[in-house]
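Taking it in order: structure first as structure tokens, then the write-up.
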Amino acid sequence: MTDRVCLVHYHEIGLKGKNRSTFENQLVANLRRALRDFPVREIKRISGHILVTVEGGRATPELAHAISRVPGVARVSLAYLCALDQDEYCAAAVRALGEAGDFSSFKVHARRSATDYELHTLDLNRLVGGVLCQAFPDKKVEMHHPDVTVVVMVVQASVYVYAASEPGVGGLPVGTAGKVVTLLSSGFDSPVATWMVGRRGAICVPVHFSGRPMTADTSEYLCQDIVSALEPSGMIGRLYVVPFGERQREISLAVPQSLRIITYRRVMFAVSERLAELEGAKALVTGESLGQVASQTLDNIAAVNEMVSMPVLRPLIGSDKQEIMRRAEEIGTYEISTQDAADCCTLFMPRRPETHAKLDQVHAAWDSFDHEEMIEDLVDNVEYVDFDQCPSYRPPRCMRARHKTLAPAEIDCGV
Ligand code: ATP
Ligand code: MG
């Protein structure tokens, strides 16, 4: 019986010239991790595609869907794998077209690669097209804009036949663009920002600042849920949590009310940059969107940004909230982010935060407490929880002994 397999298409990788095999190997490694709950037999490169086969030979739409969520995948086709046997691949083409849903026109597109099969693409188009015309007499053949294209791909001694594909998330395989530290809250924006940078191939290491011990640890568990929701994308190896509550209280006593948020943010950026250095990450990422809230004016962004020398990526800077929410739904973090949880941002909030910070006032506030000691102490007391989703993530050695590990997220604190 003809097997069903998944054919993975990737176009951006094709643009990478000499690096192409590095990208393909990374995508294969990432797929292996992402599909570990499926009975996968083999994942291998064939002729500009990646082929995924399963034990028993019956790849399913669920497998295709899981593949589609891995960065670097442009689309996935649930294909029939046939021998070089006319009857077999023509029958597969009939089945594939029969499964294509509603359509009124089609065409056949044959391709060949590394094969000495006697039939060439024109012969194949004619042969399979003839069989399909007989099987679907009320459908039209349309060469230019058909509703469905039946692809018949001959590679060595095998023929792959498919008529439909599921779009993938696109982007590049995680692990091909280095490492970033992302500032993660349990709100809508930063999970989306994290996902966007991860989709471009970066390994993401989120850092969450919680209000503990002045608030409950709910936001920490929500962040763990967010990391788990991003599991299909395989971009996260570890989540850092910085209990910031005590230090926020100190800041709130030391600096003018209107500058509290900017001062918290400066500390958060400085701590994140130190963690990024320990991790070997090359940039920070935030979910900021210009003008969305008081802290996201250009003046305030500048007053916080000057704390760090690393590039700060803000993938959502030009996005509207509606777009961000839509993306949050797509990536599966929306429901988690609707849950309210106090974090460091809701703690000791001023009644009227500064919207256009003056740098001299920010600097005076900054110098009114021992910020160096605070930053070092926060880095020293960082906690983390590891996730087994990103095959390219390597933890920094120096962290292993010095830092506590958070309890795994067993508690459902969404209620
Ligand atoms: P989000 O929806 O991501 O919470 P926001 O709309 O609430 O963003 P801000 O509170 O101004 O906006 O946060 C801006 C960015 O600062 C966030 O997107 C995130 O990158 C970072 N940030 C905010 N709070 C935290 C936190 N508790 N821990 C880590 N990073 C945070
Ligand atoms: Mg927030």
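In listed order, ligands and their atoms are each counted from 1.
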Less than 3.5 Å between some nitrogen or oxygen of P191 and one of ligand 1, yes or no?
no
Counting only nitrogen or oxygen atoms and a 3.5 angstrom limit, does F188 reach ligand 1?
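The answer is yes, given that F188 and ligand 1 share an N or O pair closer than 3.5 Å.
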Please confirm whether the backbone N or O of I301 pairs with a side-chain atom of N305, one donor and one acceptor, at under 3.5 Å?
no
Cation-pi, W366 ring and R266 (6.0 angstrom, 45 degrees):
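Checked: cation-pi criterion met.
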For the residue pair I50 and I46, establish whether any side-chain heavy-atom pair is separated by less than 4.5 Å.
no
Is a donor from one side chain sitting under 3.5 angstrom from an acceptor on the other, for E279 and Y393?
yes
For S392 and Q26, test the side chains for any donor-to-acceptor distance below 3.5 angstrom and give the result as yes or no.
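Result is yes, a qualifying pair exists.
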Checking heavy-atom distances from atom 30 (N) of ligand 1 to each of I324, N300, L183, the winner is L183
Any idea which of E288, R265, K321 brings a heavy atom closest to atom 13 (O) of ligand 1?
R265
Check P191 against L230 and note the closest heavy-atom contact, atom names and distance.
O-CD1, 4.4 Å
Counting from 1, what ligand 1 atoms have a heavy atom of V207 closer than 4.0 Å?
29 (C)
Under 4.0 Å to a heavy atom of T286 - the qualifying atoms of ligand 1, by number
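Listed by number with element: 20 (O).
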For ligand 1, the portion of L184 having any non-hydrogen atom under 4.0 Å away
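The part of L184 near ligand 1 is the backbone, not the side chain.
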